[in-house]
Amino acid sequence: MLLTLTTTHRPATDLGYLLVKHPDRVQSFDLPAGVAHVFYPEADDARCTAALLLDIDPQRLGAGRGRGRKQAATPESFTLGQYVNDRAYAASSLLSSALSSVFRSALRGESRDRPELAGTAIPLEVRVPVLRCRGGADLAVRLFTPLGWTVTATPVPLDEQHPDWGDSRYVDLLLTGTLRVADALNHLYVLLPVLDDAKHYWVAPDEIDKLLRAGAGWLADHPERGLITRRYLAHRRALAGQALARLAELRLADEPPADDSVDEAAPTQQRDGARASLAVRRREAVLSALAASGASRVLDLGCGGGALLTALAADRRYAEIVGTDVSTHALTLAARRLRLDRLPERQRDRIRLWQSALTYRDDRLRGWDAAVLMEVIEHVDPPRLPALEDAVLGHARPGTVVVTTPNAEYNVRYEGLGAGRFRHADHRFEWTRAEFAEWVTRVADTYGYTAVLSGVGDDDPEVGSPTQMAVLTSTDKAWKEETTR
């Protein structure tokens, strides 16, 4: 079972940094179903290829069935099916699991040595010479083409000596495109078992979270998201229904609204249609803080669909505006919302959109007047928050940092939002006012900022405001002197 990943980005051997696998070594990894080997058939400045070879042990694979963990049914579910099958030769969910185990950091888009390259789209070629494709070559084209790949799916004949016998169920898959390595690996992680349409393990509810993590930024808008979801979840209708419902929520959250009248669900006591939505009031609060700071060069970190960027672009006091997001889909939406292709050249030159991960240092973000993290930090896994703090407050070090985040105490005022539930499916946490204040105080002391806390939205005497905001101002005299020259 083989998969190769090739790039011609120079120096091409930087692929080893992205995959965290050295091109001069053969590395082997013991997995439940066999052994995975990573090696480089070619590696020079012009072209580099990484190969993942999965050597399946049929006895190990068969032994897993007797350990009390129920497995998903497959087309090989007959008496000797666990030993007599194509699992050792054709790409399947076993290869997807190997990708997850062997290239864990690369799937997350992390690279300690080449963080900027990890966030950059580079020319890639993926080859899977034998892939079982239930639905034929046409299905492979339908699944990969919307993701930016040029797809060549060549049916493998049953017998080359007897072409009249027709084609087998397998295809030789070749993908070419310019994408981030992380995006390429996540596409493969999800779609290999989808095309195979058979999983080698029991599909539990936590598979929904795996699917949504790997499909972040592309699955919600994929024209075949229903088929992908059902097959990935082994046709378990209840799980597929839950996943599709969450994808629908993500589509609504990521899609630029026709107007600014709707954001979070309306609190039970706030249904006055004449009142500005929380989204508008939050944006106005951020803009007011930026204006008070005197900033003219502003970063919108985690800009999403570009609502704040649009407001910044409309204000002439801001000479330079940059929106960053880890999601290329979000940046596409932001560009559409800003109408960048229609703006006069002078206006367009004020605005730039950069793909960047906030948990990695990015030299492009250093020395700006102000940065905004509007409803961003709650989307970061708590163990990754120190990396964000270091990248933004320590390395980029803008003069002013404006942070907004939900107030968890206020969630009781939202109808249907039960205990323990978050306002958005992708939130990793939501802080109380005390928790947020503690975090703000700590990072301000650590990185040399003063901080002012406030609330956004109607102040409830019991639970506070729906949004909490902090404005951090640098105490670094060197930075202040530099910005006043």
Side-chain angles (χ1 to χ4, degrees), residues 9 115-123 148 178-180 183 217 254-260 279-280 282-358 360-376 391-392 395-404 471 474 479-485:
H9 173 83
E116 291 185 17
L117 185 59
T120 302
I122 62 176
T178 302
L179 298 90
R180 293 191 316 146
D183 293 333
D254 289 340
E255 191 171 287
D259 55 55
D260 289 317
V280 173
R282 182 165 53 223
R283 192 157 55 247
E284 289 174 347
V286 170
L287 292 170
S288 177
L290 290 174
S293 75
S296 65
R297 303 172 66 245
V298 178
L299 299 167
D300 184 6
L301 305 176
C303 64
L308 179 63
L309 288 174
T310 304
L312 291 170
D315 193 331
R316 294 186 179 181
R317 83 181 76 201
Y318 302 113
E320 291 184 72
I321 304 162
V322 166
T324 76
D325 206 287
V326 72
S327 166
T328 55
H329 175 65
L331 294 175
T332 299
L333 292 176
R336 188 185 308 161
R337 186 168 192 155
L338 288 161
R339 295 181 173 88
L340 285 182
D341 58 338
R342 303 179 191 176
L343 288 178
E345 183 177 353
R346 185 175 178 181
Q347 288 279 14
R348 188 168 59 246
D349 289 345
R350 295 170 58 220
I351 308 166
R352 282 165 287 173
L353 299 176
W354 294 339
Q355 187 178 41
S356 183
L358 296 180
Y360 293 96
R361 293 185 169 195
D362 187 337
D363 287 340
R364 297 174 299 175
L365 308 182
R366 289 175 64 89
W368 287 71
D369 296 345
V372 178
L373 290 162
M374 188 172 76
E375 307 301 286
V376 170
V392 175
H395 185 70
R397 194 159 186 79
T400 298
V401 181
V402 182
V403 183
T404 75
V471 178
S474 174
W479 180 90
K480 290 180 179 178
E481 290 172 0
E482 182 179 335
T483 58
T484 56
R485 287 175 186 170

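The figures that follow rest on heavy atoms only: side chains count, while hydrogens, waters and symmetry mates do not. Note that the coordinates shown come from a computational prediction; the quantities given were computed from them, not determined experimentally.
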**Q** Of the non-hydrogen atoms in Ser474 and Arg397, which two are nearest, and what is the gap between them?
**A** OG-NH2, 3.4 Å
**Q** Hey, what do you get for CG (Leu308) to CE (Met374), rounding to the nearest 0.5 Å?
**A**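 One finds 4.5 Å between CG of Leu308 and CE of Met374.
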**Q** Mind checking the CG-OG1 spacing from Leu353 to Thr324? Nearest 0.5 Å is all I need.
**A** 9.5 Å
**Q** Quick one: closest heavy-atom pair of Arg348 and Leu340, and the distance?
**A**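 So the minimum-distance heavy-atom pair works out to CD-O, 3.1 Å.
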**Q** Going by the rule salt bridge (charged side-chain N to carboxylate O under 4.0 Å, His left out), which residues pair with Arg350 if we only count those two or more places apart in sequence or in a different chain?
**A** none
**Q** Check whether any side-chain N or O of Thr332 sits under 3.5 Å from a backbone N or O of Thr328 as a donor-acceptor pair, and report yes or no.
**A**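 Side chain of Thr332 to backbone of Thr328: a pair is present.
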**Q** What closest approach, in Å, do Leu301 and Ala371 show between heavy atoms, and which atom pair accounts for it?
**A** CD1-CB, 3.9 Å
**Q** Who passes side chain to side chain donor-acceptor pair (under 3.5 Å) against Asp363, sequence neighbours left out?
**A**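 Asp363: side chain to side chain donor-acceptor pair (under 3.5 Å) contacts with His395.
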**Q** Give a yes or no answer on whether the side chain of Ser293 reaches the backbone of Leu290 with a donor-acceptor pair at less than 3.5 Å.
**A**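 Between the backbone of Leu290 and the side chain of Ser293 there is a qualifying donor-acceptor contact (under 3.5 Å).
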**Q** Identify which one of Leu312, Ile321, Leu333, Leu309 satisfies the side-chain contact (heavy atoms from CB on, under 4.5 Å) criterion when paired with Leu338.
**A** Leu309
**Q** Can you sort out the partners of Glu320 under salt bridge (charged side-chain N to carboxylate O under 4.0 Å, His left out), two or more places apart, ordered by chain and number?
**A** Arg297, Arg352
**Q** Decide yes or no for Asp369 and Thr400: does some side-chain heavy atom of the first lie under 4.5 Å from some side-chain heavy atom of the second?
**A**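 Sidechains of Thr400 and Asp369: no contact.
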**Q** Looking at every non-hydrogen atom in both residues, tell me the closest pair between Pro398 and Val392 and how far apart they are.
**A** CD-O, 3.4 Å
**Q** If I take atom CG from residue Leu299 and atom CH2 from residue Trp354, how far apart are they, to the nearest 0.5 angstrom?
**A**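 If I round to the nearest 0.5 Å, the distance is 7.0 Å.
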**Q** Sequence neighbours excluded, which residues qualify as side chain to side chain donor-acceptor pair (under 3.5 Å) partners of Asp362?
**A** Ser356, Arg364
**Q** Identify the two heavy atoms, one from Ala295 and one from Ala370, that lie closest to each other, and give their separation to 0.1 Å.
**A**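 Smallest interatomic distance, heavy atoms only, reads CB-CB, 3.7 Å.
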**Q** Distance from Arg339 atom CZ to Thr310 atom OG1, nearest 0.5 Å?
**A** 8.5 Å
**Q** In sequence, state the C-alpha distance, the side-chain angles, and the governing distance for Val372 and Cys303, and then conclude on side chain to side chain contact (heavy atoms under 4.5 Å, CB included).
**A** CA-CA 9 Å; Val372 178; Cys303 64; over 6 Å; no
**Q** Can you pull the salt bridge (Lys or Arg N to Asp or Glu O under 4.0 Å) pairs that have at least one residue in residues 325-335, sequence neighbours excluded?
**A** none
**Q** Leu373 vs Leu358, test: side chain to side chain contact (heavy atoms under 4.5 Å, CB included). Steps then yes/no.
**A** CA-CA 10 Å; Leu373 290 162; Leu358 296 180; 3.7 Å; yes
**Q** Test Val326 against Arg180 for side chain to side chain contact (heavy atoms under 4.5 Å, CB included), laying out the working first.
**A** CA-CA 11 Å; Val326 72; Arg180 293 191 316 146; 4.1 Å; yes
**Q** Measuring only between side-chain heavy atoms, which start at C-beta, is Glu375 closer than 4.5 Å to Arg282?
**A** yes
**Q** Taking only residues two or more places apart in sequence, or in another chain, which ones meet Thr178 in a side chain to side chain donor-acceptor pair (under 3.5 Å)?
**A**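 Thr178 satisfies side chain to side chain donor-acceptor pair (under 3.5 Å) with no other residue.
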**Q** Shortest non-hydrogen contact from Trp368 to Val322?
**A**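 Heavy atoms only, the tightest pair is CH2-CG2, 3.4 Å.
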